[in-house]
Trainee: 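Structure in structure tokens, see below.
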Amino acid sequence: MKNLNRVTSLLIGSALAATVSTASDSTLQKVMKDRGLNEQDVIRAAKTYNPTGVKDEYVIFSSGGQSGQVIVYGVPSMRILKYIGVFTPEPWQGYGYDKDSLAILRQGDVRGTEINWGDTHHPALSEKDGKYDGKWLAINDKANPRIAVIDLADFETKQIVPNPVFKSNHGGAFFTPNSEYIIEASQYAAPYDNEYHSIEDYKESYRGGVTMWKFDDNIGRILPKNSFTIEMPPYHQDLSDAGKGASYGWGFTNSFNTEMYTGGIEVGNPPNEAGMSRNDTDFLHVYNWGKLAKIAKDPKNVKVVNGHNVIPIEVAVKNNALFLIPEPKSPHGVDVSPDGKYMIVCGKLDTHASVYSFEKIKKQIDNKDFVAKDPYGIPILDMKKSLHGQVELGLGPLHTQYSPVDGQVYTSLYVDSQVVKWDYKNLKVLDKENVHYNIGHLAGMEGKTSDPQGKYIIALNKLSIDRFQNVGPLHPQNHQLIDISGKTMDLLVDMPLPLGEPHQAVGIRASKLHPHIRYTMGTNTKTGKEHIGKTLAGQERIERDGKNVTVYSTLVRSHINPERITVNKGDKVTIHMTNLERAQDETHGFTVGGFDQHASLEPGETTTIEFIADREGVFPYYCTEFCSALHLEMMGYLMVKDPNKKYVSANKMKIQSMSPAELKAEYDKVVAVNAATDSVIQSVVAFLKANGFDKHKVVADLVTDAFDQYGQIPDEKKKANAAFKAGDVEKAILHEGMIWQLMVKTADVGIRAKDALVRKIATEQSAAAARGEKAFAEGGCNGCHVIGKVSSGPDLTGVLSRHENAEKWVSEFILDPEAKYKEPYIKAMIDYFNLKMPNQEMSEKETKDIIEYLKWVDDNANLF
Ligand code: K7E
Ligand code: CUA
């Protein structure tokens, strides 16, 4: 109201407003006039507008419907934040393309068939004491009955569990109040086994049911072995909810087609829609899952179908754990109140909402006060005796959300295209708001928990018709944000959702979510453990084992190491990749063209791609995220050779076309390079000998390896000299080239031997220095700084004596490099290396340790 008055005064230009009127008032008026906005519009805009950098109060997780994904957006701004790949490959995240996420997607295969989509309906947030704890999100796939679990520490899908006995589902996923279980109710009754059963045997062989998936809240995984299914008659079980508070330990599931009609238009029967809605009432299933969970532990009480525990109807009945209550025909939503005392059932085909009282239900159960049994022997309670009351709401009531105001709820009316606010305790309608059009679910802020927040309701509309720009006959869905903070509802804004039919959404306070911004270096994000392919700077390598080529690579601004991978056609290529970055949002992507491969590597993540190099050719690979100014240079080549082919070197052809003088010049150059390389090797050898390398077995072994290579050089040299003498300069060049190859291999191992020897003879590292060295490696510092060498950044040996007050200076520089970019010394370095020291988000502690490491380096500077 205060806002309204303020805007009104600005706009009406009252005497008071005139005295405070400024240029901005007239600007506002002009904008409103130009855009055809009225006062109300401006207030609504102000209620949803987030200036840049301002974040939302609530985060919404919406099912993505047929996209098989989850859509994340903010309230009140209605800005989309993320699509989470769940049942469907999602290329940006690499989901379903890298090997690790593909393994998750494949967990969802059904009877050996790869499933690459889902019909997601109901997202559910994990709970503690009936309140959201912000840890896990589960969602069901109706089409291929499955439940997926998403970790809210990184918003990635970690598990998909197919239902072993259902052939479809709908009434899931719903967490029990302490996330003990996730409820999944079947939808269309079908045989539990995987065999053919005639539809004539429907009543005997087809079954519905509710699966109680055991959930481990600490690790965030469903434990299939500890889960069980409650067998139910072949009524089409529908939406469900877990009891809480007064009804803790109980579950509630709607149904339709208690007629058990099986259709058959093609044989002249009336269609399903007529036969399945003939009776006036269907059944609310009421079951004591707390008791059934205990019963299921005894093998005598379960039958095992497809390796999964099923509690037969008769066992549940015998243990007083399964009951039916009539409910108005073809109901849809069942929603338990925050205190667990009431269940609101809405009948799609009935204009009423029915409010059931758990106290009344419990009394009948305790007194064994039943009116009849269904054909399967399940006790039926009296409907009237179970009801608190009924309220006529309008046409097509579906789903209900609770508010913090005692008794006040919001229900969607599908046919009327309205949200109705009503009082379920005093049984009266309070307000109605039109929505556009044909609302399904509606989402309150924590509106189904024991701690509903109120403030907003989102209408999830099935049709948008004329609300948006026409983009062809397939229209977007329309989510509409409604302000419920006032006495009457106020529709604030529309958001088109073009990704599928999002059935349900759940909203949580943003303050309850605490996702990571980076991973511990080398994490397999799908398991949370260290990845087998974890590779730090300096450990990059290509290993070959027959037809298997394994590449251990790293990515850091702005290079992929290695930059050349040569394999034979038919080789199986496995590329492990580690993103060495620690900076927030410094993701690198990776693809090899033509092989349907993509990976997204968030800071610290390691993942793997794997494919058969089944085609000869040259295939560039590159980083797919624009990660730095030199992003386009972040590339390399995969070269696939056919082992059965002889290749003529273009280089050789070039040499052949050279004049004798040019050839001689080429030869002299190669010989000179080899001489220079040899002198490096000799200096390493001198160092090794001077420092008694043979006293250390590890080092001695490496030296032996190195001389294996070096030992082949005299023979090669003889051939080179002979060719030269015979006048075949070209052949001499090739032999000298081979000598260079051998020298490089020698130097490679020799330098590793030297490093190992340095380790052995250097002064002992303090614990802090050792931690610092690790932080230096894991932080990716060694991507640019190689100790003892100028590489793509300066050599850090002696860095602590290069600056005044150096420890302070260096740590400031590590923690906030940007602040020093303008210092003349740093500016000169940046110009020289054409690189800026990036902020690697090191902590104060890590920085301190790195300083200790650098001190150790300086103490041993003579060795590097
Ligand atoms: Cu009503 Cu599948 Cu929850 Cu759609 S369901 S609306
Ligand atoms: Cu890394 Cu682009």
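Just so you know, ligand 1 is whichever comes first in the structure, and atom 1 is the first atom listed for that ligand. As a basis for the values below, the full set of heavy atoms in this structure was taken, side chains included, without hydrogen atoms, waters or symmetry mates. In this text, all values refer to a predicted model and were calculated from it rather than measured experimentally.
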Trainee: Please check this pair: side chain of Ser464 against backbone of Pro476, looking for a donor-acceptor N/O pair closer than 3.5 Å.
Mentor: yes

Trainee: Counting each atom of ligand 1 from 1 as listed, which ones have a heavy atom of Lys462 under 4.0 Å away?
Mentor: 4 (Cu), 6 (S)

Trainee: Of all the non-hydrogen atoms in the protein, which one sits nearest to atom 1 (Cu) of ligand 1, and at what distance?
Mentor: His332 NE2, 2.0 Å

Trainee: Might you confirm whether atom CH2 of Trp117 has over 12 heavy atoms from other residues, nucleotides or ligands at distances under 6.0 Å?
Mentor: yes

Trainee: Indicate yes or no: does Lys448 engage Glu127 in a salt bridge with an N to O separation below 4.0 Å.
Mentor: no

Trainee: What protein heavy atom sits nearest atom 4 (Cu) of ligand 1, and how far off is it?
Mentor: His503 ND1, 1.9 Å

Trainee: His121: which N/O/S atom is nearest atom 2 (Cu) of ligand 1?
Mentor: ND1

Trainee: Here's a test for you: under side chain to side chain contact (heavy atoms under 4.5 Å, CB included), which of Leu239, Ile139, Asn140 qualifies with His121?
Mentor: Asn140

Trainee: Salt bridge check: are Lys142 and Asp119 linked by an N-O gap of less than 4.0 Å?
Mentor: no

Trainee: Which value, rounded to 10°, describes the NE2(His441)-atom 3 (Cu) of ligand 1-NE2(His122) angle?
Mentor: 100°

Trainee: Distance below 2.8 Å from atom 2 (Cu) of ligand 2: how many protein N/O/S atoms qualify?
Mentor: 4

Trainee: Any donor and acceptor pair, going by atom type alone, linking the side chain of Gln840 with main-chain N or O of Cys781 inside 3.5 Å?
Mentor: no

Trainee: Please classify the Leu239 to ligand 1 contact at 4.0 Å (heavy-atom distances, strictly less than): side chain, backbone, both or neither.
Mentor: side chain

Trainee: Quickly, which of His576, Glu605, Glu778, Gln539 forms a side-chain hydrogen bond (donor to acceptor under 3.5 Å, both in side chains) with Lys534? Name it, please.
Mentor: Glu778

Trainee: Between Tyr410 and His399, is there a donor-acceptor pair closer than 3.5 Å when you use the side chain of the first and the backbone of the second?
Mentor: no

Trainee: Counting N and O atoms only, with roles assigned by atom type, does the side chain of Glu446 sit under 3.5 Å from a partner on the main chain of Thr449, one being a donor and the other an acceptor?
Mentor: no

Trainee: Within the 4.0 Å heavy-atom shell around His170, which atoms of ligand 1 are there?
Mentor: 2 (Cu), 3 (Cu), 5 (S)

